[in-house]
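The next block holds one structure in the form of structure tokens; read it before the comments.
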Protein chains: 2
Amino acid sequence: MPRQVDHDERRRQLTEALLRIASTRGLQAVSMREIAAEAGVSLRVVQYYFTDKQALLDSGLAELAARLDRRVKQRAAAATGGLSTRSVFEAVLGAILPSDEQSRLDSLAWTAYYTAALTDPALAAAALTRPDALEDFLTTRLTTAQQAGDLASDRDPRTEVAALLALANGLTASVLGRQRSHEAATAIIDYHLDRLFGPTATLRPPPD
Amino acid sequence: MPRQVDHDERRRQLTEALLRIASTRGLQAVSMREIAAEAGVSLRVVQYYFTDKQALLDSGLAELAARLDRRVKQRAAAATGGLSTRSVFEAVLGAILPSDEQSRLDSLAWTAYYTAALTDPALAAAALTRPDALEDFLTTRLTTAQQAGDLASDRDPRTEVAALLALANGLTASVLGRQRSHEAATAIIDYHLDRLFGPTATLRPPPD
DNA sequence: ACTGTTAGGATACGACTGTATCCATACAAG
DNA sequence: CTTGTATGGATACAGTCGTATCCTAACAGT
């Protein structure tokens, strides 16, 4: 065998170059040649490691999903000890909202993919996955909390979870559009979590 | 003067052709020639009535904004007599959510514009308008309702309005992605309006 | 040393893009 | 009837796109 190159590593570099372009200049600015330039390689290399442009785009989408997953688990792990239902929701919703510059870029790329998928059947299958595992997980978590008495009985866990996720997505859009700061978005989330879980959890001024 | 043509009417037809393409095949599928074909005219006609492609895109964005405005006012007018604060919120939020096929298409086009504006400076100025008149209007409306005792005193009107608008946007995204039906989205909105305005408005099981 | 495969440079193809130009027609004013 | 302008058909231009092809260099196995 002649000179062997780490294909996975090469593909990773190219995928990251793709996402860098998509998040800063948009998905329509992504071309084979632009990716090559961004990664510092020739067009032929991009062609060599990816059969299609579609394969490239699929790889970018998979990487984005992996990053979001990583971020959620990282936040969940950072909630040391405090495994309260509220902290779980804070972790998940906080992971969705763009916080630092990197997560902002990822959110931009994700939004670009989602929007493209709305009118592009080739992306729709991969980007608009129907069975939302996250929503189911949070719903069972919230239902359990309700049975334990940590949530008012007149709340509907399914609806609350769906609304919180949609709220986080809507806030994300406004943060990306610089109509709202990350802090303002977080404050709105916290406001709703306060109302949801009642005056039990966090510290607050003494009740008058 | 030779044969005179209604320029405004021509421009309107071309703009509608543009939006038809943008909402069904995406903004990246919009080209001068595609618009011409969609409108049933030659490329020269598109060039003749719009100096630029940018001017065409600007016109499409303006038309979308006008349509949303029209829809809100139409819903507000349909709320005959019942000028309760809640009905105002129902009208506005119901106008944001895609209901029929046409509003779905408009929402798709709007989302495409918004996403494009996030990375395209030429669109950012027009599409990401900072002073949100709608948010201010609803906030003052809700503040007034609170002073009248129609809203619990521990609610923050600014935050509630911001959250409801972000929620409507997030739900819109999920409806466009066919992850949720229009009815399911409306139910979530109603659920929150019920909680916001308390047990006053709608019928419900007797309090235990 | 030779050979066969892997890795990539260089270039080309046809399609499509926004824009520009040239020219023909239609029609109101004189 | 002539003329000038508004309208629009036809075509061209220079880029960029995804993809394909040709060819060379590097290197492991024999």
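Quantities reported herein were computed from a predicted structural model and do not represent experimental measurements. Here is how names work: the chains are called A, B, and so on, in the same order as the sequence lines, proteins then strands, and each is numbered from 1. What's counted below: heavy atoms across the whole structure, side chains too, no hydrogens, waters or symmetry copies.
- As judged by a 4.0 angstrom heavy-atom cut-off over every strand, A/Tyr49 is placed among residues touching the sugar-phosphate backbone only.
- Comparing atom distances between the A/Lys53 side chain and each of D/dG18, D/dG9, C/dA7 picks out D/dG18 as nearest.
- Among the heavy atoms of the strands, none lies under 4.0 Å from B/Val46.
- Heavy-atom distances to DNA chain C give each of B/Asp52 and A/Val41 a nearest nucleotide, and the one nearer the 5′ end belongs to A/Val41.
- Taking 3.5 Å as the limit, the base of D/dT7 and the side chain of B/Arg10 contain no donor-acceptor pair of atoms between them.
- Side chain of A/Arg33, nearest nucleotide from C/dT11, D/dA6, D/dC17: D/dC17.
- Distance B/Phe50 CZ to C/dT19 P: 13 Å, rounded to the nearest Å.
- The distance from atom CG of A/Asp6 to atom C1' of C/dA7 is 14 Å, rounded to the nearest whole Å.
- Neither OP1 nor OP2 of D/dG8 sits under 4.0 Å from any side-chain N or O of B/Ser42.
- Among residues two or more places apart in sequence or in another chain, the ring-ring contact (aromatic ring centres under 6.0 Å, His included) test is passed with B/Tyr49 by B/His7.
- One atom, CG of B/Leu43, and another, C1' of D/dA10, lie 10 Å apart when rounded to the nearest Å.
- The distance between atom CZ of A/Arg44 and atom P of C/dT6, rounded to the nearest whole Å, is 13 Å.
- Atom CD in B/Gln13 sits roughly 10 Å away from atom P in D/dG8 (whole-Å rounding).
- Checking the phosphate oxygens (OP1, OP2) of D/dT16, no side-chain nitrogen or oxygen of A/Ser31 falls inside 4.0 Å.
- Between A/Met32 and B/Val5, the one whose closest nucleotide on DNA chain D sits nearer the 5' end is B/Val5.
- B/Phe89 and B/Phe197 have perpendicular rings, their planes meeting at more than 60° on a 0 to 90° scale where under 30° would count as parallel.
- Around atom CD of B/Gln102, more than 12 heavy atoms belonging to other residues, nucleotides or ligands sit under 6.0 Å away.
- For the side chain to side chain donor-acceptor pair (under 3.5 Å) test, no residue two or more places apart in sequence or in another chain qualifies with B/Arg33.
- In this model, the phosphate group of C/dG8 is not approached by any side-chain N or O of A/Tyr48 to a distance below 4.0 Å at OP1 or OP2.
- Between the P atom of C/dG18 and the CG atom of B/Leu56 lies a distance of 9 Å, rounded to the nearest Å.
- Inspection of the A/Thr139 and A/Asp136 side chains reveals no N or O donor paired with an N or O acceptor under 3.5 Å.
- Under 4.0 angstrom from either OP1 or OP2 of C/dA7 there lies at least one side-chain N or O belonging to A/His7.
- Remark: C1' of D/dT19 and CD of A/Gln54 are 15 Å apart, rounded to the nearest angstrom.
- As rounded to whole Å, 13 Å separates atom C1' of C/dA15 from atom CD of B/Glu34.
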